[in-house]
Asks: 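My structure is below; once you've seen it, I'll send some questions.
These numbers were taken from a predicted model, which means no experiment stands behind them. In each ligand, atom 1 is the first atom listed, and ligand 1 is the first ligand listed.
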Amino acid sequence: MYFDTHAHYDDEAFEADREEVIASLGEKGVSLVVNASSDIRSSRMSVSFAEKYPFIYAAVGIHPHDASSLTEASLSEIRSLASRNKVVAIGEIGLDYFYNYSPREVQKEAFRLQMQLAGELGLPVIVHDRDAHDDSMKIVRDFPQVRGVFHCYSGSLEMAKELIKLGWYLSFTGAVTFKNAKKAPDVVAYVPEDRLMIETDCPYLAPVPLRGKRNDSGNLKYIADRIAEIRGTTSEHIASVTMDNGKRFFSIG
Ligand code: NI
């Protein structure tokens, strides 16, 4: 069975058939999902999915794209949503210097405020870092009491080594199956077995052979297959260790 540690079933791509897609995940071998949030609206939706479906858990937080929307009021709503049943992390939070939808200084401040909140609540964080490795690491180092995962990891091998030393986890998406994935195989081969997680980031990043299509958690097997190939092990073994790691990381069960 697979644990999808990062999905977005609140996304409008699932508007027409969300119930059917979620209901089909069990027969596709998916037994756990964490729905990651991007703003207040999606944080509320993630919590409602967690309340409705036994196998879905929620992360709540403001994505760097929406950092400009973080106010005292929205931060306090995140704090109160975080105390709800089955909310297991703050996320996704971080920095995105590829799109720069919010100004960089605003993104950094939102990231810091939510790291602070995670520290106060004793919750792990899910970090989104796109083209912002140096600044992301600076903020991570400033909060040594906070543990987390870099989702859709895209940093260097050196950065991976530092994160592992700090007690962090690394998570990989369908991007590891893309032909142009250059750094990822080295990092996938390096990550200690007890720090590895997998995720779809659906509806985005569908793995090969479905690249470009709408993604869902049922496609985790393609990601596990590729990681197994890189690490010289079986897909079943990757499914099993990433299940154990996800449960430990999010304190599930
Ligand atoms: Ni995401």
Side-chain angles (χ1 to χ4, degrees), residues 2-15 18 21-22 25 30 32-47 49-50 56-67 69-70 78 81-82 87-102 107 110-111 114-115 118 123-133 136 140 148-155 163 168-178 181 184 196-207 210-220 222-223 242 246 249-250:
Y2 296 102
F3 184 172
D4 190 352
T5 60
H6 189 117
H8 297 282
Y9 287 108
D10 53 287
D11 195 278
E12 60 190 15
F14 294 109
E15 213 54 63
R18 181 173 293 118
V21 174
I22 292 176
L25 296 181
V30 179
L32 283 173
V33 171
V34 168
N35 204 75
S37 299
S38 45
D39 56 16
I40 284 291
R41 183 181 160 274
S42 78
S43 295
R44 290 177 192 144
M45 283 180 82
S46 294
V47 171
F49 296 159
I56 299 186
Y57 289 75
V60 296
I62 310 283
H63 191 285
H65 289 341
D66 291 285
S69 76
L70 189 73
I78 295 293
L81 287 169
V87 176
V88 292
I90 298 295
E92 54 186 293
I93 62 176
L95 302 173
D96 192 311
Y97 292 174
F98 182 77
Y99 288 108
N100 289 305
Y101 287 157
S102 290
Q107 292 188 41
F111 188 13
Q114 293 179 95
M115 287 288 280
L123 286 172
V125 295
I126 299 172
V127 170
H128 170 108
D129 156 30
R130 184 148 187 208
D131 291 357
H133 306 320
S136 294
V140 163
V149 57
F150 268 59
H151 110 88
C152 193
Y153 184 77
S154 61
L163 284 166
W168 284 57
Y169 287 60
L170 305 183
S171 177
F172 297 91
T173 61
V176 297
T177 69
F178 299 168
L196 177 68
M197 295 200 287
I198 57 175
E199 54 167 305
T200 56
D201 199 19
C202 67
Y204 313 107
L205 295 174
L210 305 166
R211 191 171 181 181
K213 300 218 168 83
R214 186 183 72 173
N215 198 6
D216 69 59
S217 308
N219 298 328
L220 276 175
Y222 299 107
I223 300 165
T242 56
F249 178 81
F250 291 109

Asks: Can you name the residues that form a side-chain hydrogen bond (donor to acceptor under 3.5 Å, both in side chains) with Glu199, not counting sequence neighbours?
Replies: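 Result, side-chain hydrogen bond (donor to acceptor under 3.5 Å, both in side chains) vs Glu199: His151, Ser171.
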
Asks: For the residue pair Asp4 and Thr200, confirm or rule out a side-chain donor-acceptor distance under 3.5 Å.
Replies: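 Side chains of Asp4 and Thr200: pair found under 3.5 Å.
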
Asks: Donor-acceptor check, side chain of Asp96 to backbone of Tyr99, threshold 3.5 angstrom: yes or no?
Replies: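 Yes, Asp96 side chain to Tyr99 backbone: donor-acceptor pair under 3.5 Å.
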
Asks: His133: what forms a side-chain hydrogen bond (donor to acceptor under 3.5 Å, both in side chains) with it, not counting sequence neighbours?
Replies: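 Testing His133 for side-chain hydrogen bond (donor to acceptor under 3.5 Å, both in side chains), a comparison that skips the adjacent residues, returns Asp129.
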
Asks: Which is it for Ile93 and Ile126 under the side chain to side chain contact (heavy atoms under 4.5 Å, CB included) test, yes or no, and what are the steps along the way?
Replies: CA-CA 6 Å; Ile93 62 176; Ile126 299 172; over 6 Å; no

Asks: Below 2.8 Å, which protein N, O or S atoms neighbour the Ni ion (ligand 1), ignoring water?
Replies: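 For the Ni ion (ligand 1), the protein N, O and S atoms that sit under 2.8 Å away are His6 NE2, His8 NE2, Glu92 OE2, Asp201 OD1.
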
Asks: Please list, chain by chain and in numerical order, all residues satisfying side-chain hydrogen bond (donor to acceptor under 3.5 Å, both in side chains) with Arg214, sequence neighbours excluded.
Replies: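 So Arg214 forms a side-chain hydrogen bond (donor to acceptor under 3.5 Å, both in side chains) with Asp17.
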
